[in-house]
Amino acid sequence: MSSFLVKEAPDALTLVQHLKTQTAFQQASDALSGQTSSQLLAIPLPAGLYEGLQDAAYQAIEAHGLHGWLSAEGRHHDHNYQSLSLVYNPDMHEPGMDDVHQATLGTSLNPINEFFYNSVQRHRGLKNTYFDSYGFRVRTPAARLGELGRFLDQCGLTLIRSRLSVLIGERGITSDFMDGWHRDEPVFENLRLNIPLTSDPAYRLQIEHEKDKPQEDSDTMTEHFLEPGYAYTFNTNIPHRVYVKEPSSQPRIHLVLGFAPWFDHDPGEDRWRVNAHFGKTHPFDLLRNGQLHSALRAQA
């Protein structure tokens with residue numbers, strides 16, 4: 001099966017899990033997995049695009065506000081990590097969500113300590129839940145503003161689970177080393193692009209390249225400051241976290257964009273289908289070669 005209607009997908013699985021059962025996804029991703037580097041890839045942003053995205057982010061925050069993470073304990077409005085969703089699932093019914101700009105920000109079924117390694121045991125079915133990344137297929141009003149809206153219109157891949165995230169350094173440093181560590185989906189499912197719009201060296205990204213459980217004295221862990229003016233990606237399926245190293249009066253505002261590299265969504269039919277890159281092009285190469293967006297190309 002090369003395509004299916006969303007409404008025909010079984011309730012037990014996420015949409016991408018269903019796509020994987022209907023295609024040679026595992027064999028295709030296994031064949032290219034050797035090209036998945038854990039190293040950080042930085043793509044320069046044209047100055048005009050960077051400034052336009054920054055302006056659009058300010059507009060989005062002004063118009064739609066920032067929202068805390070949702071867990072079984074409630075929505076965490078006072079935490080130093082706040083966000084707004086750029087996509088939503090029109091079929092998701094989350095009692096803790098009262099605005100589409102909260103759509104990708106957690107679930108009321110999971111305690112706060114059950115998000116970082118995809119703990120799904122509290123869900124009877126996975127379709128139309130927080131964990132259903134391909135269910136988040138409709139852009140929110142914030143994702144249609146100004147240069148951000150134009151940029152996303154021009155992207156050659158379907159936008160899935162995405163958000164604008166703000167880390168507020170004035171609310172305190174990250175004192176617990178284990179706070180925030182998580183893994184995301186494999187890059188063949190979700191090509192994640194991180195675009196810093198404002199930041200400060202007080203905010204750091206840590207990546208554990210080898211160990212399953214991060215350790216504070218690990219010699220295989222790297223630490224990075226994501227400088228604005230670039231778009232970044234790496235293998236987000238390995239443990240990583242962002243933390244506040246020291247107080248800062250400058251908030252860290254990032255676009256955290258997810259794209260389906262090997263499947264396209266047809267909004268007219270609400271159908272997912274295999275695209276021309278399936279099994280042929282590594283997702284990192286789609287970014288490097290300008291196939292995600294013509295303004296984003298790796299430097300020679």
Side-chain angles (χ1 to χ4, degrees), residues 4-19 57 60-145 152 158-168 171 179-185 189-190 192 236 241-242 254-258 260 265 267 270-272:
F4 70 87
L5 294 171
V6 169
K7 66 181 181 182
E8 295 175 350
D11 290 339
L13 304 177
T14 66
L15 294 180
V16 75
Q17 286 174 339
H18 183 57
L19 282 164
I61 294 169
E62 177 73 21
H64 303 291
L66 292 171
H67 308 271
W69 194 260
L70 177 65
S71 71
E73 295 84 0
R75 193 169 294 282
H76 300 260
H77 296 291
D78 297 328
H79 197 271
N80 65 3
Y81 181 79
Q82 301 287 301
S83 298
L84 65 84
S85 297
L86 298 175
V87 284
Y88 70 99
N89 178 347
D91 303 317
M92 187 172 79
H93 302 288
E94 166 54 64
M97 184 184 80
D98 54 24
D99 184 322
V100 294
H101 296 94
Q102 300 171 342
T104 63
L105 309 180
T107 169
S108 57
L109 291 184
N110 283 39
I112 193 63
N113 63 348
E114 286 189 0
F115 283 96
F116 299 133
Y117 287 89
N118 287 328
S119 300
V120 299
Q121 67 272 13
R122 297 179 186 273
H123 299 259
R124 292 183 180 179
L126 295 179
K127 184 181 179 183
N128 298 329
T129 68
Y130 160 77
F131 299 98
D132 190 10
S133 292
Y134 282 44
F136 298 107
R137 61 198 186 277
V138 180
R139 281 161 54 186
T140 62
R144 302 183 184 279
L145 289 172
L152 295 175
T158 296
L159 188 73
I160 52 173
R161 182 206 304 278
S162 298
R163 64 188 183 276
L164 185 156
S165 291
V166 180
L167 199 52
I168 305 169
R171 294 187 180 179
D179 187 19
W181 286 100
H182 66 286
R183 288 178 169 141
D184 300 305
E185 307 97 321
E189 296 179 25
N190 187 350
R192 293 170 68 84
T236 56
R241 72 164 186 161
V242 172
H254 280 218
L255 294 171
V256 184
L257 307 178
H265 180 250
D270 201 13
R271 177 187 296 273
W272 282 97

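Side chains are part of it too, since the values below use all heavy atoms of this structure and drop only hydrogens, waters and symmetry mates.
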Mind listing the closest non-hydrogen atom pair of G74 and H76 along with its distance?
O-CD2, 3.3 Å
Is there a side-chain hydrogen bond (donor to acceptor under 3.5 Å, both in side chains) between E185 and S133 once you walk through the steps?
CA-CA 9 Å; E185 307 97 321; S133 292; 2.3 Å; yes
Calculate, to the nearest 0.5 Å, the distance between atoms CZ and NZ belonging to R271 and K7 respectively.
9.5 Å
How long is the span from the OH atom in Y134 to the CD1 atom in I160, to the nearest 0.5 Å?
4.5 Å
To the nearest 0.5 Å, tell me how far T129 OG1 sits from N89 CG.
9.0 Å
Among K127, R137, H18, Q17, exactly one meets side-chain contact (heavy atoms from CB on, under 4.5 Å) together with D132. Which residue is that?
K127
Quick check: does any side chain N or O of T158 sit under 3.5 Å from a backbone N or O of H265, one acting as donor and the other as acceptor?
yes
Step by step, would you call T14 with L126 a side-chain contact (heavy atoms from CB on, under 4.5 Å)?
CA-CA 5 Å; T14 66; L126 295 179; 3.7 Å; yes
Row check, Y130 ring normal vs R161 NZ/CZ: under 6.0 Å, within 45°:
yes
Test item: R192 side-chain N/O and V256 main-chain N/O as donor-acceptor pair under 3.5 Å
no
Ignoring hydrogens, what is the shortest heavy-atom contact between G65 and L84? Give both atom names and the distance.
O-CD2, 3.1 Å
Heavy-atom donor-acceptor pair, Q82 side chain to H77 backbone, under 3.5 Å:
yes
Working note: Y81 + S165, criterion side-chain hydrogen bond (donor to acceptor under 3.5 Å, both in side chains); need CA distance, chi angles, decisive distance, verdict.
CA-CA 7 Å; Y81 181 79; S165 291; 3.0 Å; yes
Quick one: CG on D270 to CD on E8, what's the gap to the nearest 0.5 Å?
10.5 Å
Is N190 close to D184 at the side-chain level, that is, under 4.5 Å between some pair of heavy atoms?
no
Side chain to side chain contact (heavy atoms under 4.5 Å, CB included) filter on S162, not counting sequence neighbours, yields L86, V87, L159, L257
Nearest heavy-atom neighbours spanning P111 and S71:
C-CB, 4.1 Å
Kindly compute the distance separating CG (N128) from CZ (F136), expressed to the nearest 0.5 Å.
9.0 Å
Measure the shortest side-chain to side-chain distance between W272 and V16 over non-hydrogen atoms and say whether it is less than 4.5 angstrom.
no
Would you say the side chain of H64 lies within less than 4.5 Å of the side chain of T140, judging by non-hydrogen atoms?
no
Below 30° counts as parallel, above 60° as perpendicular, anything between as tilted: where do the rings of H101 and H67 land?
parallel
To the nearest 0.5 Å, how far apart are CE in M97 and OG1 in T107?
11.0 Å
Taking the side chain from S85 and the backbone from T104, do they hold a donor-acceptor pair closer than 3.5 Å?
yes
Shortest non-hydrogen pair, F4 vs A9, comes out as CE1-CB, 3.6 Å
Steps toward side-chain contact (heavy atoms from CB on, under 4.5 Å) verdict (E94, L70)
CA-CA 10 Å; E94 166 54 64; L70 177 65; 3.6 Å; yes
So, for G96 and Q102, which heavy atoms are closest and what is the spacing to 0.1 Å?
O-OE1, 3.9 Å
